[in-house]
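A short write-up of the structure that comes next.
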Amino acid sequence: MSSKLCIPLFAAACALSPGLCMAGDGPFQPHYEVINLGSLGGVDSAALGINDAGTVVGWSSTATGQRHAFMYNNGLMTDLGTLVGGTASEAHAINDQDVIVGSSEINGLGRGFPEIRQGFIWQQGKMNPAGALFCPCSFDVRYGTSFLNGINDAGQAVGWSGTVRGSLVAHGALWQAEALQDLGGGAGDRSISHIYAINDSGQMVGYYAQDAGKLGTLTFDREATLWQSDGARQSLGSLPGDTTSVALAINAGGSAVGWSGSSDGGRAHAVMWRGGSIRDLGVLPGYASSQALAINFQGQVVGWSGSADGSFSHAFLWRGGRMLDLNALVRDGSGWVLQQAAGINILGQIVGTGMLNGQMCAYLLQPVFEWGFPARRPLQSMLAQGWEH
């Protein structure tokens, strides 16, 4: 292959996979275009997930001040509504078939009856409830509590649900075949577990707490946990000296990310678990804490780093052994303060939440190379326009 062919094909590969050409990997230093996703008529919004096609989900306030789940695609934000009788909802994840999961208030009994939070599955324009592992049913309560936070391309969704011991003593749950399956030890088990993500191999991550005896203080120790597709549970461990850890995302190769720290809500560090070991991803300079919220196929990680109490933070991208402040990688004068990054896809597109003109806004970061074209430009279109010559 001639060098004349190598250079354009390398550039095309960068366009398909920004991870090949990020800072430090060669001359193609990228920066990002910040896209404001807008709102559903209100003032606040947050982006929580993105699929490999670039469709974004999250929540936005409406003109009436309610919080509704949204889907954003091709410049349009769509209100996903709520479950029957509900007033609020959030979308947490989307797969490559545009099936969305999240949580919504539900109340089919009418005014005067309480709304209950329950997980939902949204597809083909319709939102359906995920149900619950247990319902404390009475005259005015007809629903159990549940949340869904992750979904894979097979349509399996994960989250957690209240049990016979109460909504706070929740168990990790897998939704498949139109029903929730308890992965936390059974209805009467005293443990608490939450599951946040699932990959296409059926591996799930979250946390497991063996004893809920300290539940009243909300300082119980948690163990970052991997569930295999057959439900087998394995502790991922914490950093040396830490008492608690939580895994929040897992990629197709089985690498998981999250955080490790203290159970009292103090300092935490973003971490990666891979091949049976744990790696401290560190913090941004000058900050005390960090959490990793998402990881893509290439092993690029995003999240936030900030003060120990989380009151101030900057979004980060970790790749190639370095944590980078995303605020330093956007064009000067954007006006944004990118506070956290919640999702990253195979193209290196990043979504999250930041401040713009004093308002909390959902954003999409589009990688752009120094010569100016968007990083998601299809390889086929480049070849069609002569990039192979």
Side-chain angles (χ1 to χ4, degrees), residues 32-51 54-73 75-82 86-94 98 100-105 117 119-120 122 127 147-151 159 194 196-197 246 248-249 257-259 270 290-295 301-307 309-317 326-327 330 334-345 349-366:
Y32 291 92
E33 174 190 358
V34 188
I35 299 172
N36 183 357
L37 302 190
S39 75
L40 296 172
V43 295
D44 297 327
S45 60
L48 302 178
I50 184 171
N51 67 11
T55 302
V56 184
V57 295
W59 64 263
S60 170
S61 59
T62 67
T64 58
Q66 297 174 336
R67 178 180 290 192
H68 279 196
F70 74 74
M71 175 176 63
Y72 176 95
N73 190 28
L76 177 66
M77 180 179 285
T78 301
D79 189 338
L80 302 185
T82 69
T87 58
S89 61
E90 298 179 358
H92 300 145
I94 179 171
D98 289 340
I100 300 168
V101 296
S103 62
S104 170
E105 303 294 333
R117 177 68 63 162
F120 71 74
W122 185 97
M127 182 182 290
F147 292 78
L148 290 181
N149 280 278
I151 186 169
H194 288 187
Y196 293 97
V246 177
L248 297 172
V257 295
W259 60 269
S290 60
Q291 291 187 10
L293 304 182
I295 179 171
V301 182
V302 295
W304 64 265
S305 179
S307 59
D309 62 3
S311 61
F312 181 82
S313 65
H314 274 193
F316 75 75
L317 167 68
L326 282 169
N327 289 276
V330 299
S334 71
W336 282 87
V337 177
L338 307 178
Q339 295 180 310
Q340 74 165 24
I344 181 169
N345 67 9
Q349 296 171 299
I350 298 169
V351 296
T353 307
M355 297 297 294
L356 180 64
N357 299 323
Q359 300 295 333
M360 184 171 70
C361 298
Y363 68 78
L364 167 65
L365 295 185
Q366 176 64 55

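On a predicted model such as this, the values are computed, not experimentally measured, just so you know.
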In chain order, what residues pass the side-chain hydrogen bond (donor to acceptor under 3.5 Å, both in side chains) check against Thr87, with sequence neighbours excluded? Glu115

With sequence neighbours excluded, give me every salt bridge (charged side-chain N to carboxylate O under 4.0 Å, His left out) pair touching residues 34-43. none

All side-chain hydrogen bond (donor to acceptor under 3.5 Å, both in side chains) counterparts of Ser307, not counting sequence neighbours: Asp309, Ser311

Non-neighbouring partners of His194 that pass ring pair (Phe, Tyr, Trp, His ring centres under 6.0 Å), sequence neighbours left out: Trp160, Tyr207

Partners of Asn345 by side-chain contact (heavy atoms from CB on, under 4.5 Å), sequence neighbours excluded? Ile50, Asp52, Leu347, Gln349

Using the side-chain hydrogen bond (donor to acceptor under 3.5 Å, both in side chains) criterion, which residues pair with Ser60? Sequence neighbours excluded. none

So does Gln66 get a backbone contact from the side chain of Thr62, meaning a donor-acceptor N/O pair under 3.5 Å? yes

Which residues pass the side-chain hydrogen bond (donor to acceptor under 3.5 Å, both in side chains) test with Asp44, sequence neighbours left out? none

Between atom CD1 of Ile350 and atom CG of Leu338, what is the distance when rounded to the nearest 0.5 Å? 9.5 Å

Test your reading of the model: is there a side-chain donor-acceptor pair from Ser104 to the backbone of Ala88, 3.5 Å cut-off? yes

Mind checking side-chain contact (heavy atoms from CB on, under 4.5 Å) for Ala362 and listing every partner two or more places apart, or none if nothing turns up? Leu37, Ser45, Ala47, Phe70

Using atom types as modelled and distance alone, determine if a side-chain donor or acceptor of Ser89 lies under 3.5 Å from a backbone N or O of Gly81. yes

Suppose we screen for side-chain contact (heavy atoms from CB on, under 4.5 Å). Which residues come up paired with Ala91, at least two apart in sequence or across chains? Val57, Ala69, Leu80, Ile100, Phe120

Qualifying residues under side-chain contact (heavy atoms from CB on, under 4.5 Å), relative to Ser305, sequence neighbours excluded: Val283, Leu284, Tyr287, Ser290, Phe316, Met323

